[in-house]
Amino acid sequence: MWGDIAIAFLLAFITAFVITPYSIRLAKKVGAVDYPNDRRVNKKPMPRLGGIAVIAGFLVSAIYLIITMRIENNIDFITDGLGKKLLGFLFGAMVLGITCYIDDVKGISPLVKLAGQLIAAIIVVSCGVRIDNFTIPFKENSIMINEVISYILTIGWIVGITNAINLIDRLDGLSGITLIACISMLIIFSLNESPLIAIILITALAGAIVGFLPYNFNPAKTFIGDVGSNFMGYAISIISILGVAKTYTAIV
């Protein structure tokens, strides 16, 4: 398992680190730039498409590991509908990524962006990713949730965590804050015997963030943008469900 974790981290790190300079060039070319004003911490125009590099690092790492584990029969797509859940994750990320890319380049209203987040969450939930029970600390039994409430709660969870990360966008070190969350979740997943897929995905996300961080440390060369901040929150919210760590994620 630890070998897979190391590979997931390194692949994501290398990919994000290599692609970030290209994301900076793309941001300048398409006009995805933050200009200084009273609401910004940057003192000069700042490219804001770094999230593309983070997403690329995450996807390269996750897809490679998933294919490898499937070939080695270390992962079963049939059990618990995992294959369908991962496809829902991917399609939801595409909807969210397109929405936020437009926001970074041209700007859209908060309601339109919220609509994109809701559509992404609905796609994921319709593919089987749901919060269907609560585990009470220090008790073995869990409380099952009504199906309708489960759908509503899961959509609210995904949109809520996505916006929790998105609200601190355009600050130097946002990626560092998210990295701390990823490391905390990785430790929790390892201790509570979460499914291997959750451990791989959170490691891939952490590796992609570390690859981007050298360009984001103060003084930053680029911001991660809405594309990145929304994706990180979106990914964390779903991985926490797959890894059975909702309470810990909320605290983190």
Side-chain angles (χ1 to χ4, degrees), residues 8-35 40 42 44-66 86 89-108 112-113 116-117 119-120 123-124 161-163 165-179 181-182 201-217 219-239:
F9 184 89
L10 287 173
L11 275 176
F13 168 80
I14 293 170
T15 303
F17 185 80
V18 169
I19 291 180
T20 299
Y22 294 97
S23 74
I24 294 174
R25 296 179 195 175
L26 175 63
K28 292 177 179 179
K29 184 176 181 179
V30 300
V33 178
D34 256 340
Y35 292 96
R40 310 295 190 209
N42 50 303
K44 61 181 181 180
M46 187 70 63
R48 59 183 184 200
L49 282 181
I52 290 177
V54 173
I55 294 173
F58 174 84
L59 289 178
V60 168
S61 175
I63 291 173
Y64 173 81
L65 265 296
I66 289 171
L86 291 175
F89 180 103
L90 178 61
F91 286 126
M94 289 173 60
V95 170
L96 189 63
I98 292 170
T99 302
C100 294
Y101 177 84
I102 296 172
D103 188 33
D104 278 330
V105 175
K106 297 184 177 181
I108 57 177
V112 173
K113 186 161 67 173
Q117 294 169 346
I119 292 171
I123 291 172
V124 176
I161 298 297
T162 299
N163 280 296
I165 301 298
N166 182 50
L167 285 173
I168 49 176
D169 186 18
R170 296 183 177 90
L171 292 179
D172 293 0
L174 161 64
S175 304
I177 295 170
T178 311
L179 177 62
C182 290
L201 292 179
I202 201 66
T203 303
L205 183 59
I209 292 171
V210 172
F212 170 75
L213 266 178
Y215 302 94
N216 190 233
F217 281 127
K221 296 180 179 66
T222 180
F223 286 147
I224 201 163
D226 275 349
V227 170
S229 62
N230 276 263
F231 175 78
M232 290 192 300
Y234 169 83
I236 285 174
S237 68
I238 296 170
I239 296 170

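Given the structure is predicted, the values throughout are model-derived calculations rather than measurements.
Put simply, the side chain of L11 reaches to within 4.5 Å of the side chain of L65, judged on heavy atoms. Taking the side chain as every heavy atom from C-beta outward, P214 and F17 approach each other to under 4.5 Å. For the pair L90 and L59, the minimum side-chain heavy-atom distance is below 4.5 Å. Using a 4.5 Å heavy-atom cutoff, the side chains of F58 and T15 are not in contact.
The shortest non-hydrogen separation linking S23 to L49 is CB-O, 3.5 Å. Between I161 and G233, the closest heavy-atom pair is CG2-O, 3.4 Å. Of all heavy-atom pairs between K113 and T99, the closest is CA-CG2, 4.1 Å. Nearest heavy-atom pair across A53 and T20 is CB-OG1, 3.3 Å. Here the shortest heavy-atom pairing between I202 and C182 reads CG1-O, 3.7 Å. Scanning all heavy atoms of the two residues, the minimum distance from A204 to A12 falls at O-CB, 3.1 Å.
Checked by atom type and distance alone, the side chain of R48 never pairs as donor or acceptor with a backbone atom of A27 at under 3.5 Å. Looking at S229, its side chain does come within 3.5 Å of a backbone N or O of G225 through a donor-acceptor pair. Here the side chain of Y101 pairs no donor or acceptor atom with the backbone of L96 at under 3.5 angstrom.
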Next item on the list: Kindly indicate, with the supporting measurements, whether the criterion side-chain contact (heavy atoms from CB on, under 4.5 Å) is fulfilled by I165 and N230.
Entry: CA-CA 7 Å; I165 301 298; N230 276 263; over 6 Å; no
Margin query: Between N216 and K221, does the side-chain contact (heavy atoms from CB on, under 4.5 Å) criterion hold? Intermediate values first, please.
Written below: CA-CA 6 Å; N216 190 233; K221 296 180 179 66; over 6 Å; no
Note to self: Does F9 form a side-chain contact (heavy atoms from CB on, under 4.5 Å) with V210? I'd like the steps, not just the answer.
What the structure shows: CA-CA 9 Å; F9 184 89; V210 172; 3.9 Å; yes
Next item on the list: Apply side-chain contact (heavy atoms from CB on, under 4.5 Å) to the pair M232 and I209, showing each step before the final yes or no.
Entry: CA-CA 9 Å; M232 290 192 300; I209 292 171; 3.7 Å; yes
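When the options I108, V227, V112, D226 are evaluated for a side chain to side chain contact (heavy atoms under 4.5 Å, CB included) with I102, the one that passes is I108.
Summarising the geometry, atom OG belonging to S61 is positioned 8.5 Å from atom CG belonging to L201; distances are rounded to the nearest 0.5 Å. A distance of 9.0 Å separates CZ of F223 from CZ of F212, quoted to the nearest 0.5 Å. For the atom pair CG (L205) and CG (L179), the distance works out to 8.5 Å, reported to the nearest 0.5 Å. How far CD1 of I236 is from OG1 of T178: 5.5 Å, rounded to the nearest 0.5 Å. Rounding to the nearest 0.5 Å places CE of M46 at 9.0 Å from CD1 of I24. Here the CG-CD1 distance, from D103 to I98, works out to 14.0 Å after rounding to the nearest 0.5 Å.
Ring geometry, F231 versus Y234: the interplanar angle falls from 30° to 60°, so the pair is classed tilted.
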